[in-house]
Protein chains: 2
Amino acid sequence: MAILRPSITTGPDHNISDVPSVVIQRLPLYVRVLAYFEGNEYEMVSSEQLAGRLQMTPAQIRKDLSYFGKFGKQGRGYNVKRLAAELRRILGLDRSWNACLVGVGRLGRAIISYPGFQPEGFRVVAAFDADSALIGSEVGELKVDPLGDIPVKVRRLNIRIGIVAVPAQHAQGVIDRLVDAGIRAILNYAPIAAQVPPNVRVANIDPVLGLQSMTYYLKNARG
Amino acid sequence: MAILRPSITTGPDHNISDVPSVVIQRLPLYVRVLAYFEGNEYEMVSSEQLAGRLQMTPAQIRKDLSYFGKFGKQGRGYNVKRLAAELRRILGLDRSWNACLVGVGRLGRAIISYPGFQPEGFRVVAAFDADSALIGSEVGELKVDPLGDIPVKVRRLNIRIGIVAVPAQHAQGVIDRLVDAGIRAILNYAPIAAQVPPNVRVANIDPVLGLQSMTYYLKNARG
DNA sequence: GTTTGTGAATTCCTTCACAGCT
DNA sequence: AGCTGTGAAGGAATTCACAAAC
């Protein structure tokens, strides 16, 4: 039984710590479900309750948390606020992160106006495009800069994350530029398997892949 | 080393066949990379060549394909066109699939105009919203219908896929309605872990989760 | 009584390595 | 010589099950 989580790629074999990356990818889910319990005025939750809302087993949640410490109390469960704060700290979500967007076409503009990033501490502070007709124009609150400005802007604005929303045939080139500029985390909307060095992470957003594997089950379904 | 693939959820333990779902989720990647080789006029490719472009091992590709048959020739590799066609057939991509969109806010409208679905055979043929101010309006080429029309439209238009683009707090309710109407595959853009029966698949699209696990590595990076 | 944290057991997935075909 | 297909081996991730804590 798989669970809601994004797919993260890196270059050839690279795990910065000994915590399995599949565990790291589940932590944001725990943060999110803890926020739900916090909103519903729970003070304590058990691994059973957390698991129930995520369709996972309680053991998996406990095992995952055990990589980082002991956050619960036997017989009582976890303090919702404290566990949420600990996980946010572990994930680096106790601060904000600057990102830049490359590609301000239709998809890029939708990403800029996506309201889900800001409340989680992710700020898009620069936008780039290769199309000279777009350069200098305003998108949201941002002025569109040429790709050549990536290195300077990344340095000046302390940008750590690149968001790639360019056509497939330009995506690898853009990713290379971002990596050259020192970016180590890329949110990639282009339908390619990006080639990156081992110390760079790529999270791929690709609705078509999801649809294409679901049709297998639709086709073979018995009602 | 993880690889580009979406996360697919179902209800409690359910694998329609004995092919691991992780394998099913990789097949669309193979289809895509085969299209690349086809575009570059390759007639044959080896598992080594395919693996290279996907940052996987050749053995994994061969093993994955072996669940479905013998598509290669020793000493020569795979015929690009034939393997692509076989995989498309296996995945059910040799036909088109109708989908409906629920939620025509900013995100929903971006999804409707997303150009990636159509060429892969996915057609959004109906749109629904709860907001009576939107009902009856035109979005793209579609008229927006009320949620109550879901069952009828799903039946009449042979809709097999639901795309959910409503706010988190309404998502579970919408998903329940889709499931009641007979939908068995859901592309979910809402940031929730949907609860569905075992025979329903959910592919989650959630850029924030991706960012939130990458920050772990950014925080702990050594340059 | 309840629930955690964790070694041990199990299941699942990937890689190896080579026989067999072209 | 080159590459597939696959059983066997190895590795990774999940689940079990229970002692310890509350």
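So you know, we letter chains A, B, ... as the sequences are listed, proteins then strands, and number each from 1. Note: hydrogens, waters and symmetry copies are ignored here, and every other heavy atom, side chains too, is used.
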d(CD1, Ile61(A); P, dT14(D)) in whole Å = 12 Å
Work out which heavy atom in Pro28(A) is nearest to a heavy atom in Gln212(B); give both atom names and the distance.
-> CB-OE1, 3.4 Å
What is the distance from atom CG of Asn204(B) to atom CD1 of Ile192(B), rounded to the nearest 0.5 Å?
-> 8.0 Å
Rounding to a whole Å, what distance do you find between Glu43(A):CD and dT3(C):C1'?
-> 16 Å
Exactly one candidate in Tyr78(B), Phe37(B), Tyr36(B) meets ring pair (Phe, Tyr, Trp, His ring centres under 6.0 Å) with Tyr42(B); the answer is Phe37(B)
Go along nucleotides 4-13 of chain D 5' to 3' and tag each nucleotide: B for a protein heavy atom under 4.0 Å from its base, S when only backbone or sugar atoms are that close, - otherwise.
-> BBBBB----S
Does the Thr215(B) side chain pair with the main chain of Leu91(A), one donor and one acceptor, at a distance under 3.5 Å?
-> yes
Short side-chain donor-acceptor distance under 3.5 Å, Gln172(A) and Asp176(A) | yes
Looking at CG of Leu29(A) and CG of Leu34(A), how far apart are the two atoms once the value is rounded to the nearest 0.5 Å?
-> 10.5 Å
Round to the nearest Å and state the distance from Met44(B) atom CE to dG2(D) atom C1'.
-> 12 Å
Interatomic spacing from OG1 in Thr57(A) to CZ in Arg62(A) - rounded to 0.5 Å | 8.0 Å
Got a donor-acceptor contact below 3.5 angstrom from the Asn98(A) side chain to the Leu157(A) backbone?
-> yes
Rounded to whole Å, the CD-P distance (Gln25(B) to dC13(C)) equals 10 Å
Relative orientation of the end axes in the helix from dG1(C)-dC22(D) to dT22(C)-dA1(D), expressed as an angle to the nearest 10° (five pairs per end) = 10°
